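Inspection log for the structure reproduced underneath, given as structure tokens.
Every value quoted in this text rests on a predicted model; they were computed, and no experiment measured them. When reading the values below, keep in mind they use all heavy atoms of this one structure, side chains included, and skip hydrogens, waters and symmetry mates.
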Amino acid sequence: MKQPIKTAIIGIGRWGQKVALELDRQSDLVAFLSRGSPDGETWAKKNIPNATKYTFKQLKDDANITHVVIATPIREHRDLVDLMLKTKKNVLCEKPLAETAKEAHALAKLADEMNRVLVTGYVFIYHPAYQQFKRIVQEKTPARIECVWKKYGTF
């Protein structure tokens, strides 16, 4: 039987908590990082008891943790993804990956250079636009895909 993937999550705020619960079900969630209020740590100890609060140094140095989820404020995504890729971690970063397309392209290039997996978490797979995109891709393999995040208001 395969051993579960050892994972960590950076950010256990409102959305990070939802992600952490799913991550804990699907992997061996062993570490969390949170700079937020003590409430996040209290929540983690209650809801993901097998995970330990880590520092960035502990996470970077722990070669057993191969996959990291980043669920922090958008302004932190680029730097955290960069750091995790450079420490040979595979990364799932909540949307958007970065604040600009240029930054996102640089992270994708770094992931390729480091031979790491980099994924952005999108939850719109049932949206009609996604369904149309899926039909188009099934008909013809695109040479390049670029998604642009534009945020108008809260959602």
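Here the side chain of K88 pairs no donor or acceptor atom with the backbone of M114 at under 3.5 angstrom. A donor-acceptor contact shorter than 3.5 Å is absent between the side chain of E94 and the backbone of I70. Put simply, the side chain of T87 gets close to the backbone of M84: a donor and an acceptor are under 3.5 Å apart. Checking side-chain atoms of H77 against main-chain N and O of T72 turns up a donor-acceptor pair under 3.5 Å. H67 places no side-chain N or O within 3.5 Å of a backbone atom of K6 that could act as its donor or acceptor partner. Between the N47 side chain and the W43 main chain, a donor and an acceptor come within less than 3.5 Å of each other. Judged by distance alone, with hydrogens and angles left aside, the side-chain atoms of N90 form a donor-acceptor pair with the main-chain N or O of V117 at under 3.5 Å.
The shortest distance between side-chain heavy atoms of I9 and L33 does not fall below 4.5 Å. Residues T42 and K46 fail the side-chain proximity criterion, which asks for heavy atoms closer than 4.5 Å. Counting heavy atoms from C-beta outward, E99 and I74 have side chains that approach closer than 4.5 Å. The shortest distance between side-chain heavy atoms of E113 and L110 falls below 4.5 Å.
The two residues A71 and G16 come nearest to each other via the heavy atoms CB-CA, 3.7 Å. Residues Y54 and V30 come closest through the heavy atom pair CE1-O, 4.4 Å. When every heavy atom of A20 is checked against every heavy atom of L29, the shortest pair comes out as O-CD2, 3.6 Å. When all heavy atoms of A51 and A31 are compared, the pair lying nearest together is CB-N, 3.9 Å. Residue A104 comes nearest to A98 through the heavy atom pair N-CB, 3.8 Å, listed as atom of the first residue, atom of the second, then distance. Scanning both residues, A111 and L118, for their nearest heavy atoms gives CB-CB, 3.7 Å.
For K53, the salt bridge (Lys or Arg N to Asp or Glu O under 4.0 Å) partners at least two apart in sequence or on another chain are E41. With sequence neighbours excluded, no residue forms a side chain to side chain contact (heavy atoms under 4.5 Å, CB included) with D79. In this structure, R116 has no salt bridge (Lys or Arg N to Asp or Glu O under 4.0 Å) partners at least two apart in sequence or on a different chain. For the salt bridge (Lys or Arg N to Asp or Glu O under 4.0 Å) test, no residue two or more places apart in sequence or in another chain qualifies with E139. Scanning for side-chain hydrogen bond (donor to acceptor under 3.5 Å, both in side chains) contacts around K60 gives an empty result, with sequence neighbours left out.
Taking CD1 of I10 as the start and CZ of F32 as the end, the distance is 12.5 Å to the nearest 0.5 Å. Summarising the geometry, atom CD1 belonging to I5 is positioned 12.5 Å from atom CD1 belonging to I65; distances are rounded to the nearest 0.5 Å. Atom CG in L97 sits 12.5 Å away from atom NZ in K95 (nearest 0.5 Å). With rounding to the nearest 0.5 angstrom, the OG atom of S34 is 8.5 Å from the CD atom of Q17. Atom CG of L92 is separated from atom OG1 of T7 by 10.5 Å, given to the nearest 0.5 angstrom. Between atom CD1 of residue I12 and atom CG of residue L23 there is a gap of 12.0 Å, rounded to the nearest 0.5 Å.
A salt bridge links K57 to D61: one of the charged nitrogens lies within less than 4.0 Å of a carboxylate oxygen.
Here salt bridge (Lys or Arg N to Asp or Glu O under 4.0 Å) pairs that include residues 8-22, with residues two or more places apart or in two chains, are E22-R25.
Defined by atom type and a distance below 3.5 Å, a donor-acceptor pair is present between the side-chain atoms of R135 and Q132.
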Check the pair V119, V91 against side-chain contact (heavy atoms from CB on, under 4.5 Å), reporting the backbone distance first and the verdict last.
-> CA-CA 6 Å; V119 177; V91 178; over 6 Å; no

